[in-house]
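Order of the sequence lines sets the chain letters (A, B, ...), proteins ahead of strands, with each chain counted from 1.
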Protein chains: 2
Amino acid sequence: MAKYNKRSDCPVSCSLDVWGDKWSLLIIRDLINAKQCTYGDFLKSAEGIATNILASRLLALEENGLIEKLSHPDSKAKVLYKLTPKGIDLLPLMIEIGIWSEKYYDIDKVKKAELKEVKKNKEEYIKAKIKELRS
Amino acid sequence: MAKYNKRSDCPVSCSLDVWGDKWSLLIIRDLINAKQCTYGDFLKSAEGIATNILASRLLALEENGLIEKLSHPDSKAKVLYKLTPKGIDLLPLMIEIGIWSEKYYDIDKVKKAELKEVKKNKEEYIKAKIKELRS
DNA sequence: ATTTTTGCTTGCATATTGCAAGTGCAAATA
DNA sequence: TATTTGCACTTGCAATATGCAAGCAAAAAT
């Protein structure tokens, strides 16, 4: 995203420059859930991102090294998006988002059950999930 | 922030509706660092937020229950902003942001040293910091 | 009494996002 | 082989959010 200007060298500031917009974290979320998505998969996602915004976010995330494009095994017309290791490393952050949200907002049942599992042993859950996402 | 519309009941989506803009997390960060700030303190912050944006973000964060306004002991002209328990609960999330940023970007020395401490015993650090922020 | 500080608000320019339609290429269908 | 459909985008324009500069009322300092 073409931000107005670079901000400070604070961790929060740096992060926001990379994924601090209205949609990037939702794209990351989809990729954590599904491991890989096509362009169409993202469009079908619950929140309904506009196609031009999706294209610009995917490009920015790719340029920032959080996701990568792979050729689809079934078809040349399709593209597969996956998280890079750098993107996968956002998992702990995403989990904390989940824990915080669950405490203060109504979350759907499936996510709630998943978070219950996470909280049993956070470290282990993260390790296992990372392994799964890298494979 | 008057978003176009509410999104899904996903944790990430809910969170983004509350703090998913360009400035909210930086305000939270300032309050975690300083424990309490005046309006002027935020304006002096490194990134340089515009005063109208600051006002609108502070209002939104207050409406969403993340921060609260207190009267300043020294002066009626001054206002103190502090995190609520709900705001303080964003600390684990902020720490994960720090850890991720440090891994992939150049962070200032002070923050790096702080993160080194955090990683020695994350649980303990969070507990202590929460206690400090609530007092 | 006058000036300065403090926490804002207002008006307007710029940037980002949202919506609808369209384009080019690959794949499926006739 | 010709035509239609699916997929990954692009383009144009409207709506919203952010950035910048100036202004304003109440409190505090001089």
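Side-chain nitrogen and oxygen atoms of B:K22 include at least one within less than 4.0 Å of the OP1 or OP2 phosphate oxygen of D:dG19. OP1 or OP2 of C:dT6 has not a single side-chain nitrogen or oxygen of B:K44 nearer than 4.0 Å.
Following rounding to the nearest Å, B:L16 (CG) and C:dT17 (P) show an atom-to-atom distance of 12 Å. In this structure, B:D21 places its CG atom 17 Å from P of D:dT16, rounding to the nearest Å. The separation between B:I53 atom CD1 and C:dT10 atom P is 14 Å, rounded to whole Å. For the pair A:I27 CD1 and D:dA8 P, the interatomic distance rounds to 14 Å; values are reported in whole Å. When the C1' atom of C:dG7 is taken as reference, atom CZ of B:F42 falls 12 Å away, rounded to whole Å. Look at CG on A:L43: it is 11 Å from P on D:dC7, rounded to the nearest Å. Atom NZ in B:K69 sits about 10 Å away from atom P in C:dG7, given to the nearest Å. Regarding B:L61, its CG atom lies at a distance of 16 Å from the C1' atom of C:dC8, rounded to whole Å.
Contact annotation for B:Y81: backbone-only contact, meaning every heavy-atom pair under 4.0 Å involves sugar-phosphate atoms and none involves a base.
Sorted by first and then second residue, the pairs that involve residues 64-91 of chain B and meet salt bridge (Lys or Arg N to Asp or Glu O under 4.0 Å), not counting sequence neighbours, are A:K103-B:D89. Here salt bridge (Lys or Arg N to Asp or Glu O under 4.0 Å) pairs that include residues 35-45 of chain A, with residues two or more places apart or in two chains, are A:D41-A:K44.
The nucleotide whose nearest atom lies closest to any side-chain atom of A:K78 is, among C:dG7, D:dT10, D:dC7, D:dC7. The nucleotide whose nearest atom lies closest to any side-chain atom of B:R57 is, among D:dT18, D:dC9, C:dT9, D:dT18. In this structure, the nucleotide among D:dT18, C:dG7, C:dG18 sitting nearest to the side chain of A:A50 is C:dG18.
Annotation: side chain of A:L61 is in contact with side chain of A:I27 (closest heavy-atom distance under 4.5 Å).
Looking at residues two or more places apart in sequence or on another chain, you find no ring-ring contact (aromatic ring centres under 6.0 Å, His included) involving B:Y125. B:D108 is linked by a side chain to side chain contact (heavy atoms under 4.5 Å, CB included) to A:D9, B:V110, B:K111, counting only residues two or more places apart in sequence or in another chain. B:Y81 pairs by the ring-ring contact (aromatic ring centres under 6.0 Å, His included) definition with B:F42, not counting sequence neighbours.
With hydrogens and angles ignored, the 3.5 Å screen pairs a side-chain donor or acceptor of A:S135 with a backbone N or O of A:E132.
Taking 3.5 Å as the limit, the base of D:dC9 and the side chain of A:N52 contain no donor-acceptor pair of atoms between them.
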The contact string for nucleotides 22-30 of chain D, one letter per nucleotide 5' to 3', using protein heavy atoms under 4.0 Å with B, S and - for base, sugar-phosphate only and none, comes out as B----SS--
